[in-house]
Amino acid sequence: MAEQQARPNETAAVDPDHPLLSALQPLLERVQGRFVAPDDMGPADVPLVWDGEVVAGVRLPSSPPAAASEAVGDLGRLLEDLADELGVPLSQLARAEKQRAVRLLEERGAFTYRKSAETVAEALGVSRFTVYNYLNRTGS
Amino acid sequence: MLDDFNSAPSAVATSALLACCDAPAWAAAVRDQRPYPDLESVLDVADKAARELTAADVDRALAAHPRIGERAEGRGTDAEFSREEQSGVSTDTDTRAALHDGNHAYEQRFGRVFLICATGLSAEEILAALRERLENDEPTEAAVVAEELRKIALLRLRKLLAR
């Protein structure tokens with residue numbers, strides 16, 4: 001299989017087809033945990049060792065500091081990407097554009113992250129209520 | 001900054017308010033006094049309305065709160081608030097066990113979930129408060145619960161509307 005193109009922002013991703021990981025996947029879904037790449041592991045993550053090598057870490061939902069900062073990191077990237085696309089800091093968008101920004105972020109899964117409403121509101125310079133209000137207007 | 005809240009459709013305002021406190025009478029009182037000139041005036045109305053909650057209102061609102069030490073699941077606004085509030089509660093095995101036992105003792109004693117405004121509290125502080133409240137008689141404890149609910153509602157409302 002061809003090597004994935006190296007992406008500077010993502011260290012060696014987790015291989016979901018690894019026998020150990022595919023065996024653990026259903027369990028992880030049940031406990032709402034997730035795999036993290038060895039390079040992204042924090043102190044609270046559980047290392048999964050296979051043949052003497054750490055193939056991934058498990059991040060459990062009950063480890064908030066690591067999980068939260070990771071989530072904010074990924075969400076932060078979504079916000080940065082959107083600002084790059086639009087060519088302006090999100091906080092400087094006009095009202096209608098902020099509404100559109102919320103819609104785009106929702107389409108990109110931004111609101112599945114923890115602390116998402118808070119983080120998005122901060123980036124846009126609006127209250128959380130405003131974010132909810134926009135979300136409710138997108139017809140969901 | 002309150003423009004959105006002041007002008008939002010009634011249903012949107014109501015559902016956001018119910019995520020702060022799941023008492024329809026309270027949400028309606030806060031919603032129906034819009035528009036507000038500033039955040040303090042919203043909190044003022046919310047505070048007064050929260051002091052008028054009936055026992056039935058409190059019971060219903062309690063049902064929307066997960067047990068202390070149990071993580072709120074899901075994407076809802078209230079779940080997000082709950083996780084933030086409980087983020088200071090450590091989740092190591094001993095603490096979980098102590099909270100589990102404490103919750104159980106409380107539920108046996110009072111027939112409802114132990115509610116505390118957990119923002120800024122450590123697990124030890126929560127456990128100490130729980131043990132102290134177990135000594136209360138029912139009317140005293142009912143008043144404490146209503147007070148905790150009011151504090152939670154106001155903190156959530158401030159977070160919701162502040163920029």
**Item:** Heavy-atom donor-acceptor pair, B:R163 side chain to A:S127 backbone, under 3.5 Å
**Value:** no

**Request:** Identify which part of A:A121 has an atom lying under 4.5 Å from any heavy atom of chain B, answering side chain, backbone, both or neither.
**Result:** neither

**Prompt:** Below 4.0 angstrom, N of the basic side chain to O of the carboxylate: do A:R95 and B:D4 qualify?
**Reply:** yes

**Request:** May I ask you to check whether over 12 heavy atoms, not counting those of A:E107, lie within 6.0 Å of atom CD?
**Result:** yes

**Asked** Between atom CZ of B:F81 and atom CD of A:E118, what is the distance when rounded to the nearest 0.5 Å?
**Response** 9.0 Å

**Note, A:N133 side chain near B:P9 side chain (heavy atom, < 4.5 Å)** = yes

**Prompt:** Around atom CZ of A:R100, are there more than 12 heavy atoms of other residues, nucleotides or ligands at under 6.0 Å?
**Reply:** no

**Prompt:** Any chain of hydrophobic side-chain contacts (each under 4.5 Å) joining B:V144 to B:I126?
**Reply:** no

**Message:** Could you see if B:L127 belongs to whatever hydrophobic cluster contains B:F110? Use Ile, Leu, Val, Met, Phe, Trp, Tyr and a side-chain cutoff under 4.5 Å.
**Reply:** yes

**Complete:** The reported gap from CZ in A:R128 to CZ in B:R158 (rounded to nearest 0.5 angstrom) is 13.5 Å

**Prompt:** Are B:L155 and B:I68 connected in a single hydrophobic cluster, I mean Ile/Leu/Val/Met/Phe/Trp/Tyr linked by side-chain heavy atoms less than 4.5 Å apart?
**Reply:** no

**Asked** Got a second to check how far B:L2's CG is from A:T130's OG1, nearest 0.5 Å?
**Response** 9.0 Å

**Request:** First locate atom CG of B:N6, then atom CZ of A:F129, and finally report the distance between them rounded to the nearest 0.5 Å.
**Result:** 9.0 Å

**Message:** Hydrophobic clusters here meaning ILVMFWY residues chained together by side-chain heavy-atom distances under 4.5 Å, can you tell me if B:L43 and B:L18 are in one?
**Reply:** no

